[in-house]
Amino acid sequence: MNWWIMLNRSGIKFIFLICLYFTFSFVYAGELKVGKGEHFATIKSALESSSPFDTIFISPGIYKERNIVIDKPLTLTGINYPIIDGEDKHEIFTVVSDSVVIQKIKFINSGVSFIDDNAAVKLDEVNNCIISDNIFEKNFFAVYLAKSSDCKVLNNKITSEKKSEASSGNGIHLWYCKNIEIVGNYISGHRDGIYFEFVESSSINNNISEHNLRYGLHFMFSDNCSYSQNEFSYNGAGVAVMFTKNVEMTDNTFKHNWGGASYGILLKDITDSKIYKNSFYKNSSGIYIEGSNRVEIKHNSFLENGWAIRLMANSMDNVFEKNNFIGNSFDVATNSTRNYNKFKNNYWSEYSGYDLDKNGIGDVPYRPVKLYSLIVEKNRPTLVLLRSLFVGILDSAEKIFPVLTPETLIDNFPSMKKL
Amino acid sequence: MIRDIAKIIKYQMHDNLRSKWIIGLFLFYSAASYWLISFSGDSSKVLLSLLNITIILNPLICIVFGTVYFYNNKNYIIFMLTQPVNRSVLFSGLYFGLIIPLTLSFLIGIGLPVIINLNLFLDTLHILSALLYTGVIQIFIFTGFSFFIAAINEDKLKGLGISIFIWLFFGILYDGLILFLLQILQDYPIEKIALGLILANPVDLGRILVIIEFDISALMGYTGAVFEDFFGKSLGTFISFLSLTIWFFIPFALSLVKFSKKDL
């Protein structure tokens, strides 16, 4: 009886010990710690002795390491934002393996180069990577994705010091990528906040991109992408969307983009796209449209912009419906007397017509292009006459007998109330 | 001397208030301001309409009213000059005796409905103050013009005609001429000319002071260093403010000189 109990007890102990051993050894094999007084002093040495699917924890401190190549599927996690310094010369992380996760690390000073695109984190031909909750400061390029797919860039804070366009890189740079999600990032002080070239089926949501040298978002040859609920403000040239089909732009805010070549959105050669529910506030030009066809612009609000819309004559079949135009210096400007675009059911704060049958639609059409805006389009210094009585008289005369303004650029059913 | 001026001002103000014109003007301003505020309820729209009242209607009222006032007081002036009164004292008395009630009726007339609806204008108080300042200076300038015109013309009808023409010139024709000139010269760098011409017209100056705040996003839509410096920074506001203030002295000094030498 007694020995039975003994055996049982020691048996449990034995099993327990074995379990403990395996658990510990597994954890030991899966977690590597880098830092002062830890097992590994440098990230590179930890990487060398790591095996796939390990997690590397980086303790707080400053790591002056560079050109770190991550060639295994690893998770790199910073504890209290350790700083990795590229010392203004080098790239910091180059990821060449799939399924890498990089989080909670602070990257500074990836080097300016006119030959290489040195980035703080570069993903080169990989899948399923996640870059999240990192801080990037004073980098040339911050996050750089090339020929990658199914990756996520989440909740990073990316800032840099504005230098010149030539010596600054982009915040988040995508080139030949597919199915990328860019969510919740803050980007400022770079050349372009977010840069898309040859990207497919990707989305940009809930980011803030402001105070960048050139564009808040620079978007080219990227079909079937969408961006929504982002805020682009105080950028040198606003947002440019070019040479693309099927873009969806919804719920974004574009504000305070000032300058002769600064736009809320610059649309160049865009077809079959949607611009819904965005808000444009105090931009020099809300939307500048050139060579774009079949773009639907609906439910947006244009508030106190210099020009709400500048529509170039090489654009056709665009639809402007149910937008609010309030307090803009000029509602619509164009460079031709012909127009092949449709304006319908918009609210124009300058509209002075009446609604006798009380159906909410004004009985008199509204012509958003004024004579003066044509004059200003050709001769900018005449802007000094803005809102003068003489200009008002000219505009009213043109309104009664339209000669110079496009006759078909007209809202036949202007809304009486703000939408 | 100051006491003499004050005495004349006091008498003139009393006279003006009795004529009920000033009261009517006050009622007009307050009705317009109140109506605009209650009708649109949007501060930027209200301010733009007030801008038109301030720089277009207000000068017209001042210049016509001033001219008529000067002619109507002809007998009084001749009588006063038989007394031991300095001409410049008499002139200053007449001038300030008119502009003080005009200014008050303008400020209170426009301002009262604004103060009642002050929470509508909390974000735009700086524009509003620029507007009121502009209005007051316009009163000074155009009343000065009216005295000058009345002093050089004996004929009432002619004087009134010239007054209206001066208003038409500064309010409308001048801008037409600028536009014409800028269109002719559009192949040349004309930013400086454009700005310079604007500074030479008090009505335009008032407009610039207000649109610098309002339409800055459009004004910055032109890339020219001169424009950017002028409109982008506080330089433009400062210069227009200063020029407007300088403008106040020009018609006043002109008419004072003319009046002092005039053979009545």
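Any value given below was found using the heavy atoms of this structure, including those in side chains, with hydrogens, waters and symmetry copies removed.
For the atom pair CG (D215(B)) and CG (N328(A)), the distance works out to 9.5 Å, reported to the nearest 0.5 Å. We find the CG-CG distance between L182(B) and N379(A) to be 6.0 Å, quoted to the nearest 0.5 Å.
Heavy atoms of L179(B) lying under 4.5 Å from chain A belong to its backbone as well as its side chain. Only the side chain of L48(B) comes within less than 4.5 Å of a heavy atom of chain A; its backbone N, CA, C and O stay farther away. For chain A, the nearby part of I56(B) is the side chain; its heavy atoms alone come within less than 4.5 Å.
Shown here is Y234(A), whose OH atom has no more than 12 heavy atoms of other residues, nucleotides or ligands within 6.0 Å. For OH of Y34(B), the number of neighbouring non-hydrogen atoms (other residues, nucleotides, ligands) closer than 6.0 Å is 12 at most. Within a 6.0 Å sphere centred on NZ of K163(A), other residues, nucleotides and ligands contribute more than 12 heavy atoms. Atom NZ of K322(A) has 12 or fewer neighbouring heavy atoms from other residues, nucleotides or ligands inside a 6.0 Å radius. Heavy atoms from other residues, nucleotides or ligands lying under 6.0 Å from CD of E407(A) number 12 at most. By the neighbour-count criterion of 12 heavy atoms within 6.0 Å, atom CD1 of I184(B) is densely surrounded, having more than that number from other residues, nucleotides or ligands.
Here the closest heavy-atom approach between residue Q186(B) and residue K378(A) is recorded as OE1-O, 3.6 Å. For the residue pair K282(A) and F214(B), the shortest heavy atom distance occurs at NZ-O, 4.3 Å.
Applying a 4.5 Å heavy-atom cutoff, none of the residues of residues 357-365 of chain A approach chain B. Listed by sequence position, R207(B), I208(B), I211(B), E213(B) are the residues of residues 201-213 of chain B in contact with chain A, using a 4.5 angstrom heavy-atom cutoff. Among the residues in residues 381-402 of chain A, those with a non-hydrogen atom closer than 4.5 angstrom to a non-hydrogen atom of chain B are P381(A), T382(A), L383(A), V384(A), L385(A), L386(A), R387(A), S388(A), L389(A), F390(A), I393(A), L394(A).
For F248(B), the side-chain contact (heavy atoms from CB on, under 4.5 Å) test picks out Y95(B), I137(B), F140(B), with sequence neighbours left out.
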